[in-house]
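Down below is the structure, laid out as structure tokens.
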Amino acid sequence: MRLHHLHEWPMTVDEAEAVQERLRGLVKVGGTIPRPRTVAGLDVAYEEDSGRLAAAISVLDAETLDQVDESILTGSTDFPYVTGLFAFRELPSLIRALQELRTRPDLLVVDGHGLAHPRRFGLACHVGVLTDLPCIGVAKTSLGRYEPPGPARGDWTPLRIGEDVVGRALRTQDEVKPVFVSVGHKLDLEVAARLTLWLSPRYRLPETTRHADHLARAALAG
DNA sequence: GCGACAG
DNA sequence: ATCTTGTCGC
């Protein structure tokens with residue numbers, strides 16, 4: 001898969017924030033996906049010591065949610081974990097995994113935020129701009145403020161940072177903690193939320209994320 | 001100013 | 001992210 005703007009790579013925290021400010025203008029907000037045939041989940045697993053990591057991508061049939069492709073690799077990280085600069089920690093390995101994918105998915109689902117980010121350019125936006133593919137951010141915790149949504153699957157409330165509505169707190173199953181959905185690239189928030197619900201028929205997290213998580217953990221072990 | 005803070 | 005006991009439920 002062909003990727004764009006790979007020359008935009010920082011060495012320091014200041015440079016990293018500058019890259020985000022520069023690339024944020026390339027995010028396309030809005031739109032729908034006519035008929036997604038395949039959906040890819042991206043995730044990275046870490047080993048507490050030695051900075052070893054495994055990146056995994058699982059591509060599922062959007063209709064049956066059966067896996068049709070995968071890409072797994074192990075590596076290491078040098079960029080420290082800094083809230084807001086999360087992308088620069090996971091992106092190098094995710095990029096390699098994307099390039100080794102046999103197929104080009106119709107949609108990407110990232111384990112983290114898109115627009116629900118301090119500079120409105122979270123990992124899901126970054127991956128979306130690099131690939132120019134529609135991309136959704138689905139995170140397990142929030143960086144913004146929200147009121148608890150209703151108790152039923154499908155209930156949601158707006159997620160805000162400052163005055164901006166940057167995403168949704170979405171209940172994907174009855175009586176479970178909500179997930180935090182935001183636009184990454186090339187779709188609108190309503191579509192992102194609808195797709196997230198579709199991809200989460202049984203558990204709190206989307207099947208794409210769960211599959212990728214399993215693959216990444218297995219790769220670290222074996 | 002202080003605390004909180006995706007994974 | 002990862003470390004973990006017991007507990008509840010299919």
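In what follows, chains are A, B, ... by sequence order, proteins preceding strands, each numbered from 1. For clarity, every value in this text was computed on a predicted model and none was experimentally measured.
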- Task: Measure the distance from CZ on A/F79 to P on C/dA1 and round it to the nearest whole Å.
- Result: 19 Å

- Query: Do A/V166 and A/V109 belong to the same hydrophobic cluster, where Ile, Leu, Val, Met, Phe, Trp and Tyr are linked whenever their side-chain heavy atoms lie under 4.5 Å apart, directly or via other members?
  - Reply: no

- Roughly how many Å is it from CZ in A/F88 to C1' in C/dA1, rounded to a whole number? 19 Å

- Quick one: which of B/dA6, C/dC3, C/dA1 gets closest to the side chain of A/L143? B/dA6

- How would you label the contact of A/L53 with the nucleic acid (heavy atoms, under 4.0 Å): base, sugar-phosphate, or nothing? nothing

- Decide, applying a 5.5 Å centre-distance limit and a 30° plane-angle limit (both strict), whether A/Y81 stacks on B/dG7. yes

- Round to the nearest Å and state the distance from A/R89 atom CZ to C/dA1 atom P. 12 Å

For nucleotides 7-10 of chain C, list the nitrogen or oxygen atoms of the protein found under 3.5 Å from its nitrogen or oxygen atoms, one pair per line.
none

- Item | Check: A/F86 ring centroid to A/H113 ring centroid under 6.0 Å | no

- Atom CZ of A/R153 and atom CG of A/L170: how far apart are they, to the nearest 0.5 Å? 8.5 Å

- Base, sugar-phosphate alone, or nothing: which one does A/L94 contact when heavy atoms must sit under 4.0 Å apart? nothing

- Please check the phosphate of B/dA4 (OP1 and OP2 only) for any side-chain N or O of A/T83 closer than 4.0 Å. no

- Nearest-Å distance for atom pair NE2/P, residues A/H113 and C/dA1: 12 Å

- Query: Do the side-chain N and O atoms of A/S58 and A/Q67 include a donor-acceptor pair separated by under 3.5 angstrom?
  - Reply: yes

- Message: Using the rule given for salt bridge (Lys or Arg N to Asp or Glu O under 4.0 Å), can you reason through A/R160 versus A/E163, listing the C-alpha separation, both sets of side-chain angles and the distance that settles it, and then say yes or no?
- Response: CA-CA 7 Å; A/R160 293 187 176 85; A/E163 300 300 294; over 6 Å; no

- Message: Under 4.0 Å from OP1 or OP2 of B/dG7: is there any side-chain N or O of A/K140 that close?
- Response: yes

- Message: Please determine whether a side-chain nitrogen of the Lys or Arg among A/D111 and A/K140 lies less than 4.0 Å from a carboxylate oxygen of the Asp or Glu.
- Response: yes

- Within-4.5 Å side-chain heavy-atom neighbours: A/P134 and A/L187: yes

- Rounded to whole Å, CD of A/E48 lies from C1' of C/dT4 at a distance of 12 Å

- Are side-chain N/O atoms of A/D132 and A/H185 paired as donor and acceptor at under 3.5 Å? yes

- Give the intermediate values and the outcome of side-chain contact (heavy atoms from CB on, under 4.5 Å) for residues A/L159 and A/R168. CA-CA 5 Å; A/L159 172 63; A/R168 289 182 184 179; 5.6 Å; no

- Answer with base, sugar-phosphate or nothing: what part of the nucleic acid does A/A116 contact at a heavy-atom distance below 4.0 Å? nothing

- A/D155/A/R171 under salt bridge (Lys or Arg N to Asp or Glu O under 4.0 Å): CA gap, chis, key distance, verdict: CA-CA 5 Å; A/D155 288 344; A/R171 198 88 66 183; 6.0 Å; no

- Across the strands shown, which category fits A/G137 at heavy-atom distances under 4.0 angstrom: base, sugar-phosphate, nothing? nothing

- Query: Rounded to the nearest Å, what distance is computed from the CZ atom of residue A/F180 to the P atom of nucleotide B/dG7?
  - Reply: 9 Å

- Query: Can you tell me which stems DNA chain B forms when a stem means 3 or more consecutive Watson-Crick or G-U pairs under 3.5 Å?
  - Reply: none

- Query: Within the pair A/R217 and C/dT2, is there a side-chain N or O less than 4.0 Å away from OP1 or OP2?
  - Reply: yes

- Task: May I have the distance from A/L42 (atom CG) to B/dG7 (atom P), rounded to whole angstrom?
- Result: 14 Å

- Query: When the distance from CZ of A/R145 to C1' of B/dA4 is rounded to whole Å, what number comes out?
  - Reply: 13 Å

